[in-house]
Amino acid sequence: MINITLPDNSIKSFENIPSGLDIAKSISEGFARNCVAMKMDDRLIDLTLPVSQDCAISFVTTRDEQGLEILRHSSAHVMAEAVLKIYPEAKLTIGPVVEDGFYYDIDMEPISKDDFAAVETEMKKIIKAKNTFERKVVTKKEALDIFKDNPFKVELINELPGSEEISLYRNGDFIDLCRGPHIPHTGMVKGFKLLKISGAYWRADQAREQLQRLYGISFFDKKKLNKYIHMIEEAKKRDHRKLGTKLDLYSFHEEAAGMPFFHAKGMDVWNALLDYWRQEHKKAGYVETKTPVMLNKKLWVQSGHWENYRENMYTSVIDDEEYAIKPMNCPGGMLLYKTKAYSYRDLPLRAGEVGLVHRHEFSGALSGLFRVRAFHQDDAHIFMTPEQIGTEVLGVLKLSQRIYSRFGLDFHLELSTRPKKSIGSDEQWEEATNGLKKALDEYGLEYFINEGDGAFYGPKIDIHIKDALGRTWQCGTIQLDMSLPERFDLTYKGKDNEKHRPIMIHRVIYGSLERFFGILVEHFAGKFPLWLTPVQAVLLPINQDLADYADQIKLQFEDAGIRCETDKRSETLKRKVRDAQIAYVPLIITIGDKEKQGHTLSVRTLDGKVKMGLSMDDFLNPVLHHIKNRTLNEAIF
RNA sequence: GCCCAUGUAGCUCAGUCGGUAGAGCGCUUCCUUGGUAAGGAAGAGGUUCACCAGUUCGAUUCUGGUCAUGGGCUCCA
């Protein structure tokens with residue numbers, strides 16, 4: 001008699017030793033069909049394994065995140081089996097689950113996307129056969145014998161600790177070394193797709209074998225796959241590199257790889273972003289400063305960058321002196337601080353700087369506005385007394401939330417603690433980390449902790465935003481710095497008339513303006529809110545005789561603070577409307593004889609709706625309200 | 001930096017099994033003066049196909065290199 005305790009504390013009894021599947025079936029057939037694996041004492045195991053003693057178990061179903069991971073890992077096996085059928089010479093290495101699907105690294109001749117169809121066809125056959133995954137435990141010797149033709153697996157097996165049991169999984173004719181667990185049978189892979197292929201090194205080591213990495217994704221449900229494919233296509237359509245060209249915002253040139261060029265319209269958006277930033281920061285008690293782009297090597301030696309960051313820095317020799325272009329704004333900020341003597345009464349000092357920094361990233365890492373070599377940080381350094389850490393960090397969190405929500409961006413927080421390689425004393429780290437924690441707790445939002453992921457000079461809070469497609473991006477960061485105030489011997493006079501060391505934080509909210517711009521383009525799919533969009537209104541005279549009148553209106557609009565153009569081309573109205581729609585101009589204003597005589601406006605918005613006969617005030621009041629209040633894409637009329 | 005792919009007019013792309021290149025959009029001019037998503041016609045535009053070498057009688061096409069762009073190079077059987 002075996003007694004199984006289920007998560008709801010009910011107990012099921014079995015005459016004979018049941019498998020996990022039997023237990024699931026005893027709940028219901030339907031439930032059993034949706035079970036993927038089971039958990040015994042927090043250990044994930046296959047559903048097909050027998051449960052030979054009394055214990056508590058819970059089930060992982062197709063609705064659990066873990067269930068999906070198991071499915072994807074099993075999918076990697078299916079893919080590997082299919083590849084082997086087509087390329088019998090291929091040698092398998094590892095096939096893990098990643099954030100967005102799975103991959104398998106395989107030692108084989110390079111193949112291309114064109115070969116995916118054949119692999120997918122094989123995979124379909126395997127899935128249709130509903131092969132079960134059978135687990136078998138073997139000795140190290142047996143394992144080495146089975147995989148003697150595969151040096152990668154042999155390497156893996158030899159590295160396994162003696163204490164761990166070595167398991168194999170067989171589905172159909174295919175056997176792979178694997179810890180498991182797996183889905184009960186291959187038929188559970190209802191929707192899958194191979195996504196991409198790339199080279200990867202065995203053990204991520206450039207000196208080792210070059211492997212082919214095949215990426216795929218899978219779901220329990222074909223609909224979910226279709227949704228995912230749709231999301232990818234939607235993301236492709238929103239690609240900021242394509243939209244940037246189409247909307248004439250920015251461009252990239254070989255002559256300065258990784259250093260974007262902003263066009264007039266791109267600068268309109270850029271300036272709107274910065275105007276907003278300045279307004280909010282002023283309100284939050286920041287001052288704005290500016291430091292040079294190029295500074296003497298001595299400064300970088302003092303700051304520690306020469307030692308820790310040199311390979312990413314651009315350098316130059318001028319008059320026999322070595323200089324470096326700044327990769328960060330902080331050392332310059334140190335010099336600013338040191339231009340005068342501070343009292344505790346002067347703190348906190350919040351000094352913002354929209355600084356242009358250059359970092360020599362790997363050529364292969366560059367990508368549109370997302371990964372560049374020259375960018376502007378919306379930086380700020382806050383100098384304060386130790387007691388002020390909590391309130392200051394809280395202030396930055398609140399300011400960040402204010403700013404992100406203006407764009408309709410959700411976010412979450414992560415706290416990174418002391419890494420192995422770090423400077424400073426235990427007490428300093430403790431004080432700093434607790435300061436951040438205190439602020440986070442007071443802020444009240446849930447946060448993740450990344451142990452050991454902090455910077456070597458201090459702990460940090462990272463802010464990850466979530467865009468309209470659900471993708472997350474790390475933008476904001478709040479970093480406590482226990483190194484620079486020391487290195488530059490920053491001080492302030494305390495109440496006790498003694499010198500004290502200020503605490504310093506670096507923080508950004510947009511992060512990189514360039515990157516944030518790119519994220520916004522994709523987030524809004526090119527359709528910026530009114531306050532942000534480069535051309536807010538376009539005037540369309542319906543014939544040439546009305547062009548001058550249209551220009552008069554344009555001047556009035558510009559006076560009122562609206563970015564505006566007149567389309568005076570000798571094209572049909574239809575045509576001009578179409579072009580304005582395609583350029584995502586939010587206010588399309590037709591000027592005809594009726595409007596001229598009645599001093600009215602007829603406005604078409606991007607949803608295709610037309611309002612005729614608006615008076616100037618009827619138009620300007622709501623439009624200026626939305627611009628001034630920086631609303632999101634709401635209906636204006 | 002490394003691997004794979006790509007690089008043809010301002011944009012999107014076709015093409016040449018090696019014989020010095022095309023379309024659509026855009027642009028210019030002319031006609032059209034049109035009331036809410038493409039009016040019509042003509043024309044210009046490539047130092048000749050990213051750049052540099054090599055093979056060849058001849059290279060945009062083949063080979064090698066360089067540069068740029070894209071995907072990946074972190075998730076461990």
Side-chain angles (χ1 to χ4, degrees), chain A residues 69 72-73 76-77 80 92-105 109-114 143 147 150 152-160 164-169 175-180 195-215 236 239 241-242 245-248 251-258 311 360-368 370-371 540-547 569-583 588-595 602-606 608-612:
Chain A
E69 281 178 20
R72 289 180 176 165
H73 180 57
H77 278 235
L92 303 178
T93 68
I94 60 167
V97 172
V98 289
E99 203 176 297
D100 247 344
F102 57 87
Y103 68 77
Y104 215 119
D105 279 349
E109 288 300 304
I111 62 169
S112 77
K113 276 192 159 181
D114 300 337
F147 291 104
N150 185 327
F152 305 99
K153 298 282 184 188
V154 167
E155 189 176 326
L156 291 170
I157 294 165
N158 280 326
E159 283 173 16
L160 287 174
E164 201 166 333
E165 64 179 20
I166 298 177
S167 59
L168 308 178
Y169 277 82
I175 299 178
D176 199 2
L177 177 73
C178 187
R179 179 167 48 200
L195 296 174
K196 48 198 168 195
I197 184 157
S198 73
Y201 296 101
W202 174 233
R203 310 239 128 153
D205 182 350
Q206 290 187 12
R208 303 293 305 265
E209 294 85 340
Q210 170 79 37
L211 309 169
Q212 298 298 306
R213 175 169 295 181
L214 273 77
Y215 285 87
K236 243 187 220 163
D239 190 321
R241 292 165 298 201
K242 291 227 163 81
T245 306
K246 188 189 152 200
L247 300 176
D248 195 15
S251 53
F252 300 90
H253 303 272
E254 287 195 16
E255 290 80 353
E311 61 280 18
H360 189 263
E361 303 287 348
F362 279 159
S363 59
L366 303 179
S367 174
F370 288 166
R371 196 61 181 265
L540 311 182
I542 68 170
N543 64 45
Q544 296 286 293
D545 296 338
L546 290 158
R569 288 176 306 163
S570 136
E571 290 291 348
T572 57
L573 182 64
K574 262 178 191 278
R575 177 49 181 271
K576 294 187 200 178
V577 166
R578 182 183 135 88
D579 288 344
Q581 286 268 165
I582 289 173
I588 302 168
I589 294 157
T590 314
I591 303 289
D593 291 311
K594 274 185 227 162
E595 284 77 16
S602 126
V603 185
R604 179 183 168 118
T605 37
L606 277 188
K609 288 188 184 136
V610 180
K611 271 265 193 194
M612 313 260 273

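Just the heavy atoms: all of them, side chains too, but no hydrogens, waters or symmetry mates, feed the values below. Source: prediction; values computed, not measured. Here is the naming used below: chain letters follow the sequence lines, and residue numbers restart at 1 for every chain.
Below the 3.5 angstrom threshold, one finds a donor paired with an acceptor across the side chain of E595(A) and the base of G35(B). In the interface, the side chain of S602(A) is paired with the base of U36(B) through a donor and an acceptor atom under 3.5 Å apart. Evaluation of atom-type donor-acceptor distances gives no pair under 3.5 Å for the side chain of S570(A) against the base of U33(B).
Look at R241(A) and you'll find a side-chain N or O under 4.0 angstrom from OP1 or OP2 of G70(B). When the side-chain nitrogen and oxygen atoms of K574(A) are compared with OP1 and OP2 of U36(B), none of them lie within a distance under 4.0 Å. For S367(A), no side-chain nitrogen or oxygen approaches OP1 or OP2 of U69(B) to under 4.0 Å. In this model, the phosphate group of C75(B) is not approached by any side-chain N or O of Y215(A) to a distance below 4.0 Å at OP1 or OP2. The side chain of T245(A) contributes no N or O atom lying less than 4.0 Å from OP1 or OP2 of C11(B). Distances shown here put every side-chain N or O of T590(A) at or beyond 4.0 Å from the OP1 or OP2 atom of G35(B).
Between G35(B), U36(B), C31(B), one nucleotide has an atom nearer to the side chain of K594(A) than all others, and that is G35(B). Closest to the side chain of Q544(A), from the set G7(B), U33(B), A37(B), is U33(B). Minimum atom distance to the side chain of R578(A) is reached by A37(B), of the listed U33(B), U36(B), A37(B). The side chain of I94(A) sits closest to C76(B) out of G7(B), U69(B), C76(B). With U33(B), C75(B), G35(B) as the choices, the nucleotide that has an atom nearest any side-chain atom of Y103(A) turns out to be C75(B). Which of C27(B), C73(B), U33(B) sits closest to the side chain of R569(A) comes down to C27(B).
G101(A) comes within 4.0 angstrom of nothing in the nucleic acid, heavy atoms only. Among the atoms of the strands shown, none is found under 4.0 Å from any heavy atom of E159(A).
The NZ atom of K609(A) sits 24 Å away from the P atom of G35(B) (whole-angstrom rounding). Summarising the geometry, the separation between NE2 on H253(A) and P on A68(B) is reported as 15 Å, rounded to the nearest angstrom. The separation between E361(A) atom CD and A68(B) atom P is 14 Å, rounded to whole Å.
Between atom CZ of residue F370(A) and atom CZ of residue R241(A) there is a gap of 7.5 Å, rounded to the nearest 0.5 Å.
Positionally, the nearest nucleotide of RNA chain B for R604(A) lies more toward the 5' end than for the other of V97(A) and R604(A).
With a 6.0 Å cutoff to the six-membered ring centre and a 45° limit on the axis angle, R213(A) counts as a cation-pi contact of Y103(A).
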